[in-house]
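The structure is given below, and queries will be raised subsequently.
Below, chains carry the letters A, B, ... as their sequence lines are ordered, and counting in each starts from 1. Quick caveat: nothing in here was measured; it's all calculated off a predicted structure.
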Amino acid sequence: VQHFGVLSGRSLPDLPLSGSTGPDEFDALVAPIVPMLVRLAGRLTSWGQAEDVVQEALSRAWEKRAQFDPSRGTVRSWLIAITADQARTERRRARGRIAVVDGQTVLSEDVAVRATEDLHLERCLDKLSARQRLAVDCYYFADLPIADVAAAMKCSIGTVKSTLADARRKLRVLLEEAG
Amino acid sequence: MTKPQLDEVDTRLKAAGQRWRASEPPGLGVDSTPYRHVARDRVLADNGAAVAAVKPHRMRRRLVLGAAIATAAEAAIAIVGIPGVNHHGTPAAWAVTKNADGTVTVKISDYRDPEGLQAKLRQAGLRADVVTLPPSCVPRTRGSVFVAVEGDTFTPSFITVNGVPLFGSAPYSGTEPIRALEFRPSELPPQDTVTIGFPADKIGGAMGILLAHTGATLQPCRPYDSNGAPVPTR
């Protein structure tokens with residue numbers, strides 16, 4: 001049995017995924033992309049929740065492995081889509097437990113510049129549409145290639161590009177408005 | 001809007017993304033054991049074998065974080081609030097410690113006396129509000145930043161913005177149900193306040209930690225069911 005970390009960074013083994021795939025085969029199949037899935041989940045939820053999200057996503061993938069259809073995409077894109085779905089569910093569930101305070105914060109310049117800039121940007125990101133936010137999170141923060149972003153968003157590559165362009169335009173306005 | 005203006009946004013996003021990725025805790029996703037355990041349990045379940053509870057194993061990296069909080073506690077020079085037994089003879093709900101390095105450590109074992117905790121935190125130099133959150137509230141994120149929430153089991157979360165540790169962290173204390181938080185008051189943005197939300201449902205509820213504009217008010221809540229789905233309102 002190989003550990004995920006050992007295989008990290010290599011390409012996916014050429015193994016079939018089907019209802020007859022055993023746990024060790026499944027393990028080897030998903031191992032190379034676990035770090036990427038953790039990063040994606042970390043961005044869509046938090047680092048603290050990332051492994052739990054991936055764990056649940058892989059459990060679901062395991063249960064649904066017989067439903068995998070190679071004509072509709074790769075195992076990689078299938079796992080990305082499941083992980084993104086699971087992260088959204090977890091984020092909704094966790095946020096459903098709390099209330100968030102309203103505020104229009106203007107940060108002063110004597111705070112560490114980097115932290116301030118990122119906080120400022122983060123607050124602007126919150127004002128993007130859910131689709132734009134997902135595209136930005138996947139592409140800029142989780143560092144997924146456009147094709148993988150398309151898998152997470154369940155859309156075409158062209159749609160991802162146009163969504164990212166729209167997001168940049170909106171962010172530009174938001175950043176200017178916020179000073 | 002000109003191309004250079006959009007390129008500037010692109011550059012800024014890429015830089016923020018790099019900083020965020022650099023904040024990834026080491027070793028995340030390396031140990032596959034829990035994944036395999038889940039798969040194995042479900043195989044056994046598929047085969048009809050006796051599996052008491054086919055449930056995902058929660059991954060825990062809490063000992064390392066617990067050690068960090070222990071180190072901070074050892075360096076404490078001023079105890080503002082003392083855990084143990086209060087003057088009524090009942091265990092204290094929380095403890096606040098101001099450490100030698102300026103950080104403030106909060107340990108919460110019970111969601112009682114939010115007003116008292118707020119007073120102690122402010123006495124320790126942390127601009128903080130402690131409120132009781134209505135149960136099952138939908139977040140309203142206009143301008144505020146959500147920084148951490150306690151899940152079914154407490155999930156340690158570094159309080160960061162795009163990976164930059166901003167003003168504190170929430171390491172696991174090592175012993176349920178105590179929740180340990182560590183704040184750096186000097187790095188709290190000057191116009192912001194930390195809001196710690198105690199759940200109204202003290203048993204099974206979740207604690208939320210928010211960063212918001214000082215003086216902001218809680219927004220009206222919309223009920224959510226246990227799966228996080230919105231409950232229709234009449």
Approximate separation, where rounding is to 0.5 Å, of B:Asp10 CG and A:Arg172 CZ: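 These two atoms lie 12.5 Å from each other.
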Can you confirm whether more than 12 heavy atoms, excluding those of A:Lys170, are under 6.0 Å from its NZ atom?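 Count over threshold, so yes.
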Most chain B-contacting option - heavy-atom pairs closer than 4.5 Å, from A:Leu171, A:Asp137, A:Asp143, A:Leu164: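 If we count pairs closer than 4.5 Å to chain B, A:Asp143 comes out on top.
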Kindly give the heavy-atom pair with the smallest separation between A:Leu121 and B:Arg12, and that separation in Å.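 Closest approach of A:Leu121 to B:Arg12, heavy atoms only: CD2-O, 4.4 Å.
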Might you point out which heavy atoms bring B:Leu13 and A:Arg168 nearest each other, and give the distance in Å?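 What the structure gives for the nearest pair is CD1-CG, 4.3 Å.
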Donor-acceptor pair, B:Arg21 side chain versus A:Phe141 backbone, under 3.5 Å?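 Checked: pair present.
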